[in-house]
Amino acid sequence: MTPPEHRPIAAYQADPENIGRVLLLYSGGLDTSVMLHWIQAEYGAEVVTLTVELGQPDEDWTAIVEKARDMGAIETVVVDAREEFAADFVVPAIRANALYGGGYPLFTALARPLIARTAVGVAREHGCDTIAHGCTGKGNDQVRIDATIAALGPELRVLAPVREWSMGREEEISYARAHRIPVSGGTDKPPYSIDDNLWGRSSEGQVIEDIEQPPPDDVFQLVTTPEQAPDEPEVVRLGFEAGRPITLDGERLGIVELIDRVTDLGRRHGIGIVDHIEDRIVGLKVRDIYEVPAATIILAAHKDLEKLVSTIHQNNFKPSLDNQWAYLCYAGLWYEPLRADLEAYMVAANEYVTGEVSVRLYKGSAMVVARSSPFALYDKSLAGFGESGGEFSQLASPGFIELFSLQTRMAQRVRNADR
Ligand code: ARG
């Protein structure tokens, strides 16, 4: 392989002639394993690997580290960032009812600024001048990771070999074979492109790209299909304090454990399958298949409780800011000041989102069936068809209606005078 003749376009990109020690974001998969070898071979650079635990199920962290060492990494760092991820990224997303495009709970997007921020810290500790990652030049993740590194570690440079090397999967496998890089899993059938963490799982590529066909069953590795889910419904009770989930069926749990337990309940009942056509930041439209049981259940519960304790004006206003929050997160602008401004609003708007919500799980549906809060703006005695009383007089309603409809009535009169 000849060294890439690409010259950097942006100032934050690494200069191929001038790379000292590289921190590689290492997952143990094919791309980043080939990269680990390739960076040493092409640039004569030392490589430190960083692997970030975010609640990906079924990962063997010890095996990943051993693989990196075997392939010449001078240092292998593993950071368990599950707590930080859940508390500093997922909880804010819950307060913001965060869904992009109406269906994607942003688990990948939420993780990237944390991974990049962690990488900046580790790069500095280990004297690295460059951070390398396995993102392609077609996705959102490159935007999120590059933008965050450029914002938080302006002295660091970024190397994204997949954007530059013209190796496809086949060539990567040949490269791996030629350089004795262990390739895990079968190499016959190209796998889906998967990303997962404690807030969800996504699959892209292969037959999923055929948007005219339903996804095949083998995509679903987390959630049971609704058809195979139990015939008996199950009700879960989630407790919130200031918008943050704190209890499950009355038991107080740490946020990571709570999300894990809700994931297990949801996956059994076939909850949270989303077939999503998505507008990437780089302009492409793609299809993702998401499996997001915990997000589906927790977001439904949170939204219900938020509506119960908020006024009509707050309820009408907040969704537009929720949307803006989700967009900034999706677009990789976690460190954009507007996101911090919105965050302050989200915290304020969630001050009274305290109480309990029951969600019924049954064959793919998560339906809120009961709720309670000390801050509910709800008075059962006023809600029925009964007599006036207390703060509500039915006799006053016609007066309200007369004034409330004043401009509408006037407009009808002046605009339709001849009709
Ligand atoms: N479309 C989502 C996003 O941009 C998820 C991408 C996850 N990557 C994958 N290879 N499945 O955040």
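Index from 1, following the sequence. Whatever order the structure lists ligands and atoms in, that order sets their numbers, starting from 1.
Here is the list of ligand 1 atoms found below 4.0 Å of a heavy atom in Y290: 1 (N), 2 (C), 5 (C). Listed by atom number, the atoms of ligand 1 under 4.0 Å from Y104 heavy atoms are 2 (C), 3 (C), 5 (C), 12 (O).
Between the side chain of R287 and the backbone N or O of I208 there is at least one donor-acceptor pair closer than 3.5 Å. Proximity of a side-chain donor or acceptor of R157 to a complementary backbone N or O of P154 within less than 3.5 Å is detected.
The single protein non-hydrogen atom nearest to atom 1 (N) of ligand 1 is E278 OE2, 2.7 Å, given as residue, atom name and distance. Here the heavy atom of the protein found nearest to atom 11 (N) of ligand 1 is S202 OG, 2.8 Å. From the protein, the heavy atom lying nearest to atom 10 (N) of ligand 1 is S193 OG, 2.4 Å. Distance from atom 6 (C) of ligand 1 to its nearest protein heavy atom, with residue and atom name: E204 OE2, 3.4 Å. Residue, atom and distance of the protein heavy atom nearest to atom 4 (O) of ligand 1 are N140 ND2, 2.7 Å.
Ligand 1 has R144 within reach: a non-hydrogen atom of the residue lies less than 4.0 Å from it.
Using a 4.0 Å cut-off between charged nitrogen and carboxylate oxygen, R144 and D141 count as a salt-bridge pair.
Less than 6.0 angstrom separates the ring centroid of Y345 from the ring centroid of F317.
Proximity of D195 to ligand 1, defined as any heavy-atom pair under 4.0 Å, is shared by backbone and side chain alike.
Relative to the ring axis of W334, R339 places its NZ or CZ within 45° and under 6.0 Å from the centre.
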Show your reasoning for whether side chain to side chain contact (heavy atoms under 4.5 Å, CB included) applies to E291 and D196.
CA-CA 9 Å; E291 296 169 80; D196 56 7; over 6 Å; no
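More than 12 heavy-atom neighbours from other residues, nucleotides or ligands sit within 6.0 angstrom of OH on Y335.
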